[in-house]
Structure formats: C-alpha cells, structure tokens
2 protein chains.
Amino acid sequence: MSLKDTAQASNCTAMSDVLNRIGDKWSVMVVGILSRSGTIRFNELKRSINGVSQRMLTLTLRNLERDGLVTRTIYPEVPPRVEYGLTELGKTLTGPINSLWDWSAEHHGSIIDARSIYDDRQTAVAAEAPRKIAYARG
Amino acid sequence: MSLKDTAQASNCTAMSDVLNRIGDKWSVMVVGILSRSGTIRFNELKRSINGVSQRMLTLTLRNLERDGLVTRTIYPEVPPRVEYGLTELGKTLTGPINSLWDWSAEHHGSIIDARSIYDDRQTAVAAEAPRKIAYARG
DNA sequence: CGGTATCCATTTGGATACTG
DNA sequence: CAGTATCCAAATGGATACCG
C-alpha cells in the first residue's frame, strides 16, 4: 500500500463529501450527457434522461452549478432559453464518469445474472428449512 | 458522437440500474477499500469507513454480494470470522472507482471553494432585492 | 420554455437491543 | 465477532399546480 493509498483510505472525508453530491443517479447522468452534448437546453436534457422529474433535474443542475461543475447560461428571449454545459472543473470529471458509464454498459448483464443466481439460491435455502428449532430456556 | 456514445446515451437503463446499486456512498467506499485491502473482516471494514452503521454496512455488503461484486467467506470458528473480498467482476470495477476516488482527492478543494462563492452570491442577491413587485391583476 | 411551490408517500438510515 | 430485528425521524422524490 503506497503513501497515496494510505492517505486516501484514511481521508474518506473528501471522497464522502464528493459522493454525497455527485454520487447520485441524476448527477452522474447529467455530467455524462453534458460530456457528450457539449451544451444543451433544459428540456433537451430532460428528454435525454429517462424518468427524471422536472423537480429533480432542476435540483440536480442547481447543485452541480453550485459546486462549480456546470455552467448555466440564460438567453433573455421569449420563450426563455437556458443552456447548460460543463465548466473546466466539470470536464475533468468526464474521465471517471465515462469510465463508469462504459463499465455499466459492459458488465450490466453480469450483474443481472448474478442477481438471479443469488435470488434462486436464497429461495432454495428458505424452502429447505421449514422446520423450526425448538428449545427450552432455563 | 460515435455509435457507441449514441447507444450509451439512449440506453440510460443499464447505467441507471448499475448506479442504483453501486452509485451510493457506502458501496463505492466498500469497493474502494476492498481494492486496496484484498481481503478484510467485517469489523475491520467498519472501522475503515468513517460513519457507517453496522446495519448499513451489512446491507451494502449483501447487495454487493448479490450483484456478484463481493465474496463473503465464513470461517466456522468461535468467535466467528467472516472475510470479504472482491470477485473478478468486482475487480473490474476498481478502475472506475479508484479514478473517481483520485478525482475526489484532487478536486475536493475546488468544490468547496465553488460552494462558498455560489452561496455568497446568493446571499448578496437576496439582500439586494428587499423591494417587492407590486402590480394589479385585472 | 424553464422553472418554483406545495403536498405527501416512500425510502433511507441511525439508534438501540438482542442472538448464535 | 458478525450479524438480525425493530422503531422511528429525516431525507428523498414524484405529482400537481401555478408563474414570468
């Protein structure tokens, strides 16, 4: 274990704090999409992310903006246009995020399979032991 | 945008499913620690992860085991000994996870700074507009 | 179009106590 | 040691309605 590793292991705080913000589903999605789109409008983004509510997308974008990862540009037009993009800091996140994205695409099947096997085994174990342990205390 | 990118962007489902499981704080922590420790006992793991409750660590480990990412080995001794490690599938996750870990260590400071700036700006805006807009409807 | 505000059900997760 | 079980407060997040 290198010094660097030791420092990382002991200082889970930074990692923890970062994960509290960017470790949720929607944040990872947004950064992933933005890294490909360059710049994109609110509703485009909403359509790109399956299942996100307007509320959650707004909150996610505000948090990412607050943390200096995402830019928000308002064009004073009618109807209003707001475009989102990655900051320089945000762009440095695309490496880790995209490698996680690639990993998901590649190994999702294996996870699904593992779940089935695990669940089948649990069901079998539960069925095998209908008898209770009877014992007297004292 | 390559074909691969298009496929990833449209199929957020796999990514979404994977993130629902491994995208939380504790899971990332556990995989990160295990990638360094090789194999480790329950309470060692608990001590390594600041702030995790016994309940959450158990749940996290069960889920990771179910998804085929973590092995659980019981040694029938007294007192009982249970050791956790990464499966081969789990080991493939260490690349993405550790790069996220490194990113956190490197950029945590920038995020903290960005937050301060954002919050100060918001406070200033709030203080600047105590006047309300009065208007008559109809 | 791009939000905000409110309500409310569900989920999450810590604390605590108990067990083999 | 390595859990399991229960309780309960807080956070999460969808649905809905409304606004500039």
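Lettering of chains follows the sequences in order, A, B, ..., and the numbering in each one begins at 1.
Look at CE on A:Met56: it is 11 Å from C1' on D:dA11, rounded to the nearest Å. Rounded to whole Å, atom C1' of D:dA11 lies 14 Å from atom CG of A:Asn63. Whole-Å rounding puts the B:Leu59 CG to D:dA5 P distance at 11 Å. Put simply, CG on B:Leu57 is 16 Å from C1' on C:dA15, counting in whole angstrom units. If you measure from atom CD1 of B:Ile74 to atom P of D:dA2, you get 11 Å, rounded to the nearest angstrom. Atom-to-atom, NZ of A:Lys46 to P of D:dG14 comes out at 10 Å; the value is rounded to the nearest Å. Straight-line distance from the OH atom of A:Tyr75 to the P atom of D:dG20: 25 Å, rounded to whole Å.
The existence of a salt bridge linking A:Lys91 and A:Glu88 is confirmed by a sub-4.0 Å separation between a basic side-chain nitrogen and an acidic carboxylate oxygen. A salt bridge links B:Arg81 with B:Glu83: the closest approach of a Lys/Arg side-chain nitrogen to an acidic carboxylate oxygen falls below 4.0 angstrom. B:Asp17 has no carboxylate O lying under 4.0 Å from a charged side-chain N of A:Lys25, or vice versa, which leaves the two without a salt bridge.
Contact of the B:Val52 side chain with the B:Thr60 side chain is not registered, since no non-hydrogen atoms from C-beta on lie closer than 4.5 Å.
Taken to the nearest 0.5 Å, the CH2 atom of A:Trp103 stands 8.0 Å off from the CD1 atom of B:Ile97. The line from OG1 of A:Thr39 to CG of A:Leu34 is 8.0 Å long, rounded to the nearest 0.5 Å.
Against DNA chain D, the stretch residues 17-28 of chain B makes no heavy-atom approach under 4.0 Å.
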Where protein sits on nucleotides 1-6 of chain C, one letter per nucleotide: B base, S sugar-phosphate only, - none, heavy atoms under 4.0 Å: BBBB-B

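At least one cation-pi condition fails for B:Arg72 and B:Tyr84: the charged atom is not both under 6.0 angstrom from the six-membered ring centre and inside a 45 degree cone around its axis.
If you check the side chains of B:Ser27 and B:Asp24, you find a donor sitting under 3.5 Å from an acceptor.
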